[in-house]
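Residue numbers start at 1 and run along the sequence shown. Ligands are counted one by one from 1 in listed order, and the atoms in each one are counted from 1 as well. Only a predicted model underlies this, so the values are computations on that prediction, with no experimental measurement involved.
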Amino acid sequence: MKVLLINGSPKAERCTFTALSEVAKTLEAEGIETEIVHIGNQAIRGCIDCRACKKNGKCVFNDIVNEVAPKFAECDGLVVGTPVYYASANGNLISFLNRLFFSTPFDKSMKVGAAVVSARHGGCSATFDELNKYFTIVGMPVASSQYWNSVHGFTPEDVRKDEEGLQTMRTLGKNMAFLIKSIALGKEKYGLPEREPQILTNFID
Ligand SMILES: Cc1cc2nc3c(=O)[nH]c(=O)nc-3n(C[C@H](O)[C@H](O)[C@H](O)COP(=O)(O)O)c2cc1C
C-alpha cells in the first residue's frame, strides 16, 4: 500500500513539506509506503482544453504531470499539499492538478484523498475546500482529521511549534491509513460499487 504526497510549494523543504512529512511519518509507522514529490518549483502551464489526452491517455505537454501520472495510477492514497497564496492554492499546483486529473484515464475511485495547507495566518479553510473538490468529483473518499488540515507558519521552525497543526497531520495520517486498509478489505469482500454509465447534462437541452 502506498501514498503519494505532492508538495505544491516552490520551496522543497519549507512549511508545506514539514506538514507533509508529519503525515508521511505517521503513514510509514502504520505500514504504508510513502513518496513525497516536489512539483511546486516547476513552470507548469495550465490546461488548454485541447482534448488530446482523451485520444492519447496522457497530457499533450510532456512534463511533471505525465511523470506523476503513473505514480497516481498505482497509489492507494494521494495527499496534496500547498502553501496558501491569497487564500487559494499555489497557481502551479492548480495547473498541475487540473491537467493531472483531466488527462489521466484510469479509475480513481476509492483511492483515498487528503489536502494539506500551510499559511502564515489566513485563508486555510478556503484553500482546503478548493483542493478537496478534486477528490470528490472522481469518487475518491476524503480522509479527515481532528480539524481542517492546516499548519501555520512562515518558516519550518514556526510549523514545528504549531503543535495543534502537527497533531492534525498525525491524526490525518492515522485516519488515512485506516481508510486505505479498510477499503482494501472492502474491495476483497464486496468489490467496487457498480457504476452507471455517466450522464452529462449542460442545463441547455
Ligand atoms: C504570493 C504569496 C501569497 C501568500 N498569501 C498568503 C495568504 O493569503 N495567507 C497567509 O496566511 N499566508 C500567505 N502567504 C504566506 C505563505 O502561505 C506561508 O508562509 C506558507 O506557510 C509558506 O509555505 P511554504 O514554506 O511551504 O512555501 C503568501 C505567500 C506568498 C509568496
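- Take Glu157 and apply the salt bridge (Lys or Arg N to Asp or Glu O under 4.0 Å) test, not counting sequence neighbours, and it matches Arg160.
- Partner of Val117 under the side-chain contact (heavy atoms from CB on, under 4.5 Å) criterion, out of Pro83, Ser150, Cys15: Ser150 alone.
- Residue-level contacts of ligand 1 at the 4.0 Å heavy-atom threshold are Ser9, Arg14, Cys15, Thr16, Pro83, Val84, Tyr85, Tyr86, Ala87, Ser118, Ala119, Arg120, His121, Gly122, Gly153, Phe154.
- Looking only at side-chain heavy atoms (C-beta outward), Asn92 and Pro10 stay at 4.5 Å or farther from each other.
- By the 30° and 60° cut-offs, the orientation of the rings of Phe72 relative to Phe106 is perpendicular.
- Residues satisfying the salt bridge (Lys or Arg N to Asp or Glu O under 4.0 Å) test with Lys2, not counting sequence neighbours, are Glu33, Glu35.
- Partners of Lys25 by salt bridge (Lys or Arg N to Asp or Glu O under 4.0 Å), not counting sequence neighbours, listed by chain and number: Glu22.
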